[in-house]
Amino acid sequence: MTRRLKREYYLGDNVVSIARSLLGKILITNINGVITGGKIVETEAYSGLVDKASHAWPNKKTARTKVMFEPGGIAYVYLCYGIHKLFNIVTNKKGKPDAVLVRAIEPTLGIEHIIRRRMAKKLSKQLSSGPGKVSACLGIEIDHNQESLTGGKIWIEDSKESDHTIVETTRIGVDYAAEDALLPWRFYIKDNSYVSR
DNA sequence: TCGACGATGACCT
DNA sequence: GGTCATCGTCGAA
């Protein structure tokens with residue numbers, strides 16, 4: 001069985017280890033009563049204090065990034081390229097702007113709704129293999145920004161699964177971050193076909 | 001105000 | 001491999 005992660009989980013001060021430990025857990029949404037979810041198979045860590053790739057670097061608080069300065073356990077959702085909604089998990093204590101980007105899931109719950117949202121005919125590996133696709137599958141919108149992850153709309157459940165091998169590598173699409181683009185802060189489950197790229 | 005530019009994805013060749 | 005849709009954000013003016 002599975003159980004919902006508690007607030008304390010998200011308050012941890014090591015966003016990199018949280019990003020790694022989120023692999024295999026189940027991300028679930030309840031959007032107007034429609035429940036969908038999937039196993040997290042790919043994540044990336046972003047740390048506002050030390051990481052040029054983070055929107056909140058260097059400890060930069062703006063209208064957009066202020067949600068990352070809140071205590072962990074809430075969502076940071078923003079619009080990328082004017083089209084895609086990217087879902088992040090805010091971590092760490094108040095004033096420490098860390099977040100984990102969920103890049104891919106393996107659908108496990110409400111698969112018929114996921115297929116409908118993606119306007120597909122059937123389940124395929126390409127439905128949820130990318131951060132914009134994850135939000136599209138789960139019905140995550142911009143106005144879920146700052147939504148609590150311990151409430152009734154978006155949450156994460158633990159899983160007993162632990163037999164996967166984790167691959168760590170560099171993050172995607174952050175070349176602008178110069179040397180920080182080389183940090184091994186992207187994690188995915190080895191051989192899982194829902195991983196992006 | 002204004003303009004450059006994305007933590008992407010779909011579609012094309 | 002390449003192109004481009006599309007718009008909020010942020011720093012410059």
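Below, all heavy atoms of this structure are taken into account, side chains as well, without hydrogens, waters or symmetry copies. Naming: A, B, ... by sequence-line order, numbering from 1 per chain.
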In terms of side-chain geometry, is the basic nitrogen of A/Lys125 or A/Glu106 positioned less than 4.0 Å from the acidic oxygen of its partner?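 Salt bridge: no.
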Can you tell me which residue pairs pass the salt bridge (charged side-chain N to carboxylate O under 4.0 Å, His left out) test with a partner in residues 19-35 of chain A, sequence neighbours excluded?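 For residues 19-35 of chain A, and leaving out neighbouring residues, the salt bridge (charged side-chain N to carboxylate O under 4.0 Å, His left out) pairs sorted by first residue read A/Arg20-A/Glu168, A/Lys25-A/Asp158.
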Pairs flagged by salt bridge (charged side-chain N to carboxylate O under 4.0 Å, His left out) wherever residues 89-100 of chain A is involved - sequence neighbours left out: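 Matches after skipping sequence neighbours: A/Glu70-A/Lys94.
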At a cut-off of 3.5 Å, list every protein nitrogen or oxygen paired with a nitrogen or oxygen from nucleotides 11-13 of chain B, distance to 0.1 Å.
none

Supply the members, apart from A/Met119, of the Ile/Leu/Val/Met/Phe/Trp/Tyr cluster built from side-chain contacts under 4.5 Å; use none for a lone residue.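 Noted: A/Met119 shares its cluster with no other residue.
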Within this structure, what is the [atom1]-to-[atom2] distance between [X] and [N], rounded to whole angstrom?
X: A/Asp143; N: C/dG8; atom1: CG; atom2: P; result: 13 Å
X: A/Ile142; N: C/dG8; atom1: CD1; atom2: P; result: 9 Å
X: A/Lys66; N: C/dT9; atom1: NZ; atom2: C1'; result: 13 Å

Between A/Trp155 and A/Ile140, is there a shared hydrophobic cluster once you connect ILVMFWY residues whose side-chain heavy atoms come closer than 4.5 Å?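 Looking at the clustering, A/Ile140 is in a separate group from A/Trp155.
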Shared hydrophobic cluster, A/Ile156 / A/Val15 (ILVMFWY, side-chain heavy atoms < 4.5 Å):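 They do share one cluster, since a chain of ILVMFWY contacts under 4.5 Å joins A/Ile156 to A/Val15.
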Non-neighbouring partners of A/Lys85 that pass salt bridge (charged side-chain N to carboxylate O under 4.0 Å, His left out), sequence neighbours left out: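 Once residues adjacent in sequence are excluded, the partners of A/Lys85 under the salt bridge (charged side-chain N to carboxylate O under 4.0 Å, His left out) criterion are A/Glu141.
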Return yes if some donor-acceptor pair links the side-chain N/O of [X] with the main-chain N/O of [Y] below 3.5 Å, else return no.
X: A/Arg7; Y: A/Leu149; answer: no
X: A/Thr65; Y: A/Lys60; answer: yes
X: A/Ser54; Y: A/Asp51; answer: no
X: A/Arg171; Y: A/Leu183; answer: no

Tell me which residues in residues 113-122 of chain A lie within less than 4.0 Å of DNA chain B, going by non-hydrogen atoms.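 Residues of residues 113-122 of chain A under 4.0 Å from DNA chain B: A/Arg118.
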Strictly by modelled atom types, are A/Thr36 and A/Thr29 linked by a side-chain donor-acceptor pair under 3.5 Å?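 The answer is yes; a qualifying pair exists.
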With the side chain counted from C-beta on, respond yes when A/Cys137 and A/Arg118 share a heavy-atom pair under 4.5 Å apart, and no when they do not.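 When only atoms from C-beta onward are counted, A/Arg118 and A/Cys137 do touch, with a gap below 4.5 Å.
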Can you tell if the side chain of A/Val34 reaches within under 4.5 Å of the side chain of A/Arg117, non-hydrogen atoms only?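 They are in contact (side-chain heavy atoms under 4.5 Å apart), so the answer is yes.
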Using Watson-Crick and G-U wobble pairs whose two distances are both under 3.5 Å, how do you write the pairing of DNA chain B as dot-bracket, with | for links to another strand? ||||||.|||||.
For the residue pair A/Tyr78 and A/Tyr76, categorise the inter-ring angle as parallel (less than 30°), tilted (30 to 60°) or perpendicular (more than 60°).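 A/Tyr78 vs A/Tyr76 ring planes: parallel.
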Detail all sub-3.5 Å separations between protein N/O atoms and N/O atoms belonging to nucleotides 4-7 of chain B.
residue : atom : partner  : partner atom : Å
B/dA7   : OP1  : A/His55  : NE2          : 2.8
B/dA7   : OP2  : A/Tyr176 : OH           : 2.9
B/dA7   : N9   : A/Tyr78  : OH           : 3.4
B/dA7   : N7   : A/His55  : NE2          : 2.9
B/dA7   : N1   : A/Asn88  : OD1          : 2.5

Results of side-chain hydrogen bond (donor to acceptor under 3.5 Å, both in side chains) for A/Lys66 - residues two or more places apart only: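 Here no residue qualifies.
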Would you tabulate the nitrogen or oxygen pairs shorter than 3.5 Å linking the protein to nucleotides 11-13 of chain C?
residue : atom : partner : partner atom : Å
C/dG11  : OP1  : A/Lys60 : NZ           : 3.3

At a heavy-atom distance below 4.0 Å, what parts of residues 180-197 of chain A sit against DNA chain C?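 Listed by number, there are none.
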Between A/Phe69 and A/Lys61, is there a cation-pi geometry (under 6.0 Å to ring centre, at most 45° from the normal)?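 Positive - A/Lys61 is close enough to the ring of A/Phe69 and near enough to its axis.
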Tell me, which pairs form a side-chain hydrogen bond (donor to acceptor under 3.5 Å, both in side chains) where one or both residues lie in residues 180-190 of chain A, sequence neighbours left out?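 Pairs touching residues 180-190 of chain A that pass the test: A/Glu42-A/Arg186.
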